[in-house]
Amino acid sequence: MEKTIRLSNGIEMPQLGYGVYQVTPEECERCVGDALSVGYRMIDTAQAYANEEGVGAAVKKSGIERKNLFLVSKIWLSNYGYERAKAAIDESLRRLDTDYIDLMLLHQPFCDYYGAYRALQDAYKEGKLRAIGVSNFLPGRFIDLASNVEVPPMVNQVETHVFNQQWKAQEYMKEFGTAIMSWGPLAEGRNGFFTNPVLEAIGKAHGKSVAQVALRYMLERDIILIPKSTHIERMKENMDIFDFALTDDEREQIKALDTGKSLFFDHNDAETTKMFMGWRGLV
Ligand code: NAD
């Protein structure tokens, strides 16, 4: 649990955290409270999840010192452009009830992300954000942005799981000192994930579950992880990945599960762009 990834500006980020996508605002405070009680110290939320207030409330209730926590949030498209993003950062600070956010990301690679990114850079320099980055920036757009900004993204959060392993994307990120963070680390159960025979057999050999094997595989690849569950037992299970190691042969078997394709939506596809234009007003 204490394993950290050193970001390009030198700050240490817990490698394993807890994500709250699709956790209702009402449920969020209880879930984050449970996650903190079992030992998670990094929480991933977003303006678009409409539950930043629940995260803030759970943090306050936990009594854990702010400096021992790592809060991640993301700016939504409707808040892009310099001025709007600047104001939206302050709104997230207010909802999270905190003086600073440890890592703020641009949620999607559409609309005026250059303007929004400049707002991130300025808030970073002012100390409102300890680190900044992006999400869903596939290599083409990632390289463009990272090459044209003053402070390259410290993190890029992209769909990453055993069926879409992002090896090439991770290499490009390394060139800019950017750490890779996985969303959907359990593939949200898609593609028969929880009954995958390769993962089941490897799990059996180590006395571990399919989820634990998949998370361990990515942990060993220096990927930042935020599995989500609303059940405290599964939260514990998803954390319990530090006491075993995969063999080279097991790693090769898991590597062979990679299809190189998204199980959700391909951000390079024009239809995806159209879909997000429809979702711009979400927040
Ligand atoms: P995930 O891959 O973490 O899967 C979560 C689902 O798997 C749960 O709803 C539950 O049904 C199941 N599950 C979890 N642990 C289990 C276990 N041990 N055994 C059996 N079933 C289990 O999916 P996710 O929530 O989409 O991704 C994790 C986090 O990533 C999110 O909560 C969010 O913080 C972030 N995220 C970011 C983006 C983005 O665009 N940046 C997109 C999606 C998710």
Side-chain angles (χ1 to χ4, degrees), residues 13-25 27-28 31-32 34-35 38 40 42-52 54-55 70-77 96 101-110 113 133-138 141-142 153 155-166 169 179-196 199-200 203 208-219 223-241 262-267 272 275-276 279 282-283:
M13 173 170 182
Q15 195 181 348
L16 179 65
Y18 175 69
V20 292
Y21 177 47
Q22 289 172 332
V23 178
T24 61
E27 219 185 357
C28 185
C31 285
V32 173
D34 283 352
V38 300
Y40 288 91
M42 184 256 283
I43 308 292
D44 180 84
T45 180
Q47 292 172 350
Y49 303 169
N51 56 22
E52 286 174 309
V55 174
F70 196 103
L71 301 182
V72 184
S73 193
K74 314 182 194 82
I75 299 184
W76 189 249
L77 296 172
L96 286 163
I101 292 168
D102 295 277
L103 173 64
M104 192 64 147
L105 308 175
L106 298 187
H107 206 147
Q108 299 291 346
F110 306 113
Y113 53 83
V134 293
S135 177
N136 294 305
F137 278 60
L138 296 187
R141 246 171 236 190
F142 170 75
V155 170
N156 186 9
Q157 183 181 122
V158 292
E159 175 193 345
T160 312
H161 44 73
V162 294
F163 304 123
N164 188 14
Q165 299 190 11
Q166 303 284 17
I180 180 171
M181 181 168 183
S182 151
W183 67 254
L186 309 174
E188 286 185 14
R190 293 186 187 198
N191 204 27
F193 173 83
F194 287 109
T195 52
N196 181 277
L199 300 175
E200 275 181 342
K208 292 286 176 183
S209 68
V210 162
Q212 289 169 326
V213 168
L215 293 171
R216 177 75 206 183
Y217 176 72
M218 292 191 282
L219 188 85
I223 296 171
I224 300 164
L225 302 165
I226 40 169
K228 172 232 161 184
S229 173
T230 53
H231 305 285
I232 194 163
E233 287 312 318
R234 285 178 176 168
M235 292 178 194
K236 282 189 208 158
E237 177 186 328
N238 295 342
M239 273 175 59
D240 186 16
I241 58 171
S262 170
L263 284 181
F264 298 82
F265 27 71
D266 177 358
H267 281 77
T272 301
M275 185 179 77
F276 277 100
W279 289 352
L282 201 69
V283 174

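Whatever order the structure lists them in is the order used to number ligands and atoms, beginning at 1.
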Inset, instruction - Tell me the residues surrounding ligand 1, counting only those with a heavy atom closer than 4.0 angstrom, sorted by chain and number. - result: Gly19, Val20, Tyr21, Asp44, Tyr49, Lys74, His107, Gln108, Ser135, Asn136, Gln157, Trp183, Gly184, Pro185, Leu186, Ala187, Glu188, Phe194, Ala211, Ile226, Pro227, Lys228, Ser229, Arg234, Glu237, Asn238
Inset, instruction - Under the side-chain hydrogen bond (donor to acceptor under 3.5 Å, both in side chains) rule, collect the residues that match up with Ser73, sequence neighbours excluded. - result: Glu52
Legend entry - Over 12 foreign heavy atoms within 6.0 Å of CZ, Phe194: yes
Inset, instruction - Taking the side chain as every heavy atom from C-beta outward, state whether His267 and Val158 have any atom pair closer than 4.5 Å. - result: no
Legend entry - Aromatic ring proximity, centroids under 6.0 angstrom, Phe110 and Trp279: no
Legend entry - Residues forming a salt bridge (charged side-chain N to carboxylate O under 4.0 Å, His left out) with Glu200, sequence neighbours excluded: none
Legend entry - All side-chain hydrogen bond (donor to acceptor under 3.5 Å, both in side chains) counterparts of Tyr113, not counting sequence neighbours: none
